[in-house]
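Naming convention: chains lettered A, B, ... in sequence-line order (proteins, then strands); numbering from 1 in each chain.
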Amino acid sequence: MMTKQPLIEDLKARGLIAQMTDEAALVAHLNEQVVTLYCGFDPTADSLHLGHLVPLLMLKRFQDYGHRPIALVGGATGMIGDPSFKAQERQLNSTEVVQQWSEKLKQQISQFIRFDAGEDGAILANNYDWTAGVDVLSFLRDIGKHFTVNKMIAKESVRQRIEREDSGISFTEFTYQILQSYDFQVLNERFGCSLQIGGSDQWGNITSGIDLTRRMNGKQAHGLTLPLITKSDGTKFGKTEGGAVWLSPNKTSPYAFYQFWLQTPDADVYRFLKFFTFLDVAEVDEIEARDKAAEGRPEAQRILAEEVTRLVHGDQALEGARRITEALFLGDAQSLSETDFEQLQLDGLPATQLLNDLTEMPLTSLLVDAGVASNGKQVKDALQRQAVIINETECGMAQNMDTKSLFAAENARYGRFFLVKLGKKKHHLFYV
RNA sequence: GGUGGGGUUCCCGAGUGGCCAAAGGGAUCAGACUGUAAAUCUGACGCGCGAGCUUCGGUGGUUCGAAUCCACCUCCCACCA
């Protein structure tokens with residue numbers, strides 16, 4: 001890294017700080033030494049999603065400034081469920097499932113930070129290791145004694161659950177903040193970890209961990225939270241028609257991932273460039289200025305999509321995503337060669353093999369079965385507007401029952417490919 | 001334990017015997033305009049190509065006909081004890 005402004009200044013400029021404990025003390029602490037910091041990720045699914053990306057990149061930002069990150073997988077806390085700002089009690093997952101998910105998260109996290117032997121080499125930990133073996137009496141006497149229920153109840157993060165009588169909060173979830181606090185204390189003791197970061201919903205858990213660390217270890221620790229990522233139109237960030245955008249290529253293909261970013265509204269894109277990429281703030285401002293001056297289509301979305309896809313899926317996957325995008329949106333699909341088609345499939349364009357007998361198979365059902373649309377109504381709607389295109393041929397309602405002839409061999413590209421477009425953005429490859 | 005209010009389609013929320021697959025808003029999808037953006041306008045929005053099928057906390061009843069009436073059950077809310 002070249003000359004750059006101090007870490008906290010940079011984070012502020014990016015809008016990445018929601019709250020922090022005593023700023024002056026934290027800044028001084030970061031300037032004085034290599035700081036070991038941690039962020040926890042609970043296994044609530046078999047993959048991380050976009051919501052985890054900002055904290056994950058935050059760890060990397062700290063590492064880039066010479067600090068030592070600990071990525072903590074919540075094998076233990078994931079068994080309990082964090083009640084913070086959740087409206088309802090969570091469904092518990094079995095031990096095997098949580099452990100399995102923990103392993104997957106570990107692998108994902110590993111690709112973002114450096115695990116070399118240097119003093120800023122990252123550490124991967126699982127709180128299951130130090131929590132599973134604690135017996136009840138020790139837990140209550142050694143740890144629980146440091147918490148007053150009065151304070152625990154007062155936390156904003158659990159207040160609505162305590163005040164609302166229709167949901168309530170189980171003792172299990174109520175103890176979550178103790179477990180997380182214990183993590184901080186243990187990490188402080190074992191690795192000298194003195195800073196915890198997390199989403200702004202974690203503020204309560206973080207400060208209680210700081211308290212516990214001070215009580216049990218006599219050490220002063222710090223905390224910093226990141227803002228909740230919001231969209232300018234008020235809808236939830238990180239969701240698409242199909243649900244969450246995952247970091248695992250098996251759950252969200254690099255192509256879909258790339259497309260997600262490419263479709264970022266102008267009103268959010270520059271903010272997101274600061275949140276999700278390592279481009280300098282000045283660079284982002286420059287891009288913005290250039291786009292404003294240029295009139296017409298901005299460059300920002302493309303840059304954002306490329307940067308983030310590369311970060312999460314690597315150069316090769318990015319190339320694949322770009323190839324598909326170019327073929328489908330920029331070039332004309334007419335000119336694709338046979339190997340291009342094969343490549344599209346390899347690159348992750350959703351593809352489905354055609355059934356042998358398409359007699360009596362409505363186009364609506366075919367497309368729904370392939371996952372192009374979620375129900376027949378959507379296909380029907382598109383058909384009524386001539387918005388279904390099979391290899392350059394527009395289809396209307398009248399063709400709904402003509403699936404067999406639409407997908408007849410003589411209409412296939414190179415005798416086996418059908419590129420189906422539903423609406424402007426959904427593409428699907430069918431092959432014989 | 002008592003009294004009163006309530007559980008409606010993804011969410012919020014109307015509907016109190018037929019005109020209800022169920023107002024309105026949000027979310028979502030598609031079209032127009034654009035730049036694979038926003039805003040705006042249009043259409044779709046329980047499932048089904050269709051005939052048609054299945055919904056209004058649950059079960060059973062009254063009725064030609066029920067989300068709407070009755071009984072019981074269940075969950076929630078408010079107040080009282």
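Within residues 297-309 of chain A, the residues approaching RNA chain B are A/R297, A/P298, A/Q301, by heavy-atom distance under 4.0 Å.
A/R322 places its CZ atom 17 Å from the P atom of B/U36, with the value rounded to the nearest Å. Taking atom CD1 of residue A/I324 and atom P of nucleotide B/U36, one finds them 18 Å apart after rounding to whole Å. One interatomic measurement links the two molecules: CE of A/M401 to P of B/A51, which rounds to 13 Å at whole-angstrom precision. Rounded to an integer number of Å, the gap from A/E360 CD to B/G50 C1' is 11 Å. Atom P of nucleotide B/G48 and atom CG of A/D369 are separated by 10 Å, given to the nearest angstrom. When rounded to the nearest whole Å, the span between CZ of A/F272 and P of B/A38 equals 13 Å. Summarising the geometry, the separation between CG on A/D266 and C1' on B/U36 is reported as 12 Å, rounded to the nearest angstrom. Atoms CG (A/N375) and P (B/C10) sit 13 Å apart, rounded to a whole Å.
Within the nucleic acid shown, A/K236 has no heavy atom closer than 4.0 Å to any nucleic acid atom. Using a 4.0 Å heavy-atom distance criterion, A/S365 is classed as a sugar-phosphate-only contact. Residue A/Q384 is classed as having no contact, given no heavy-atom separation below 4.0 Å to the nucleic acid.
Ring to ring, A/W246 and A/F257 are not that close: their centroids are 6.0 angstrom or more apart. Close placement of the A/F272 and A/F237 rings is indicated, their centers lying within 6.0 Å of each other.
No donor-acceptor pair closer than 3.5 Å links the side chain of A/S405 to the backbone N or O of A/A408. With hydrogens and angles disregarded, a donor-acceptor distance shorter than 3.5 Å links the side chain of A/N400 to the backbone of A/T364.
Pairing each heavy atom of A/W203 with each of A/T21, the nearest pair is CH2-N, 3.7 Å.
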B/S/- along nucleotides 20-31 of chain B (protein heavy atoms under 4.0 Å) is -------S-SBB
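Each of A/L330 and A/K380 was assigned the nucleotide of RNA chain B with the nearest heavy atom; the assignment lying further toward the 5' end belongs to A/L330. Annotation: of the two residues near RNA chain B, A/A267 and A/M397, the 5′-most nearest-nucleotide partner is A/A267.
When the P atom is used for both B/C45 and B/A51, the distance is 14 Å, rounded to whole Å. Nucleotides B/C79 and B/C11 place their P atoms 27 Å apart, quoted to the nearest Å. For the P atom pair drawn from B/A27 and B/U36, the interatomic distance equals 23 Å after rounding to whole Å. With C1' as the reference atom, B/A39 and B/G7 are 39 Å apart, rounded to whole Å. Spacing of P atoms, B/G58 relative to B/U68, comes out at 10 Å, to the nearest Å. Between the C1' atoms of B/A14 and B/C49, the separation comes to 33 Å (whole Å). A distance of about 14 Å separates the P atoms of B/A71 and B/U3, rounded to the whole Å. Comparing the C1' positions of B/A78 and B/U59 gives an interatomic distance of 28 Å, to the nearest angstrom.
Base pairing analysis places B/U3 opposite B/A78; the two distances defining the Watson-Crick or G-U wobble pair are each below 3.5 Å. The partner of B/G52 is B/C47, judged by Watson-Crick or G-U wobble contacts that both fall below 3.5 Å. Across the strands present, B/C72 finds its partner in B/G58; the criterion is a Watson-Crick or G-U wobble pair with both atom distances under 3.5 angstrom. Under the Watson-Crick or G-U wobble criterion, with both distances below 3.5 Å, B/A32 is paired with B/U40. Across all strands shown, the partner of B/C64 is B/G18, judged by Watson-Crick or G-U wobble contacts whose two distances both fall under 3.5 Å.
Within 6.0 Å of CD in A/Q316 there are 12 or fewer heavy atoms belonging to other residues, nucleotides or ligands.
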Which side-chain N or O atoms in residues 420-432 of chain A pair as donor and acceptor under 3.5 Å with protein atoms at least two apart or in another chain?
unit_1, atom_1, unit_2, atom_2, d
A/K426, NZ, A/E241, OE1, 3.3
A/H428, NE2, A/T352, OG1, 2.5

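Cation-pi check for A/R61 over A/F278 is met; the charged atom lies under 6.0 angstrom from the ring centroid and within 45 degrees of its normal.
No hydrogens or angles considered: a donor-acceptor pair under 3.5 Å links the side chains of A/D42 and A/Y176.
For the side chain to side chain contact (heavy atoms under 4.5 Å, CB included) with A/R271, the lone residue among A/I229, A/V284, A/T230 that qualifies is A/T230.
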Using the ring-ring contact (aromatic ring centres under 6.0 Å, His included) rule, take A/F112 and A/F62 through it: C-alpha gap first, then chi angles, then the decisive distance, then the call. CA-CA 12 Å; A/F112 290 94; A/F62 274 85; over 10 Å; no
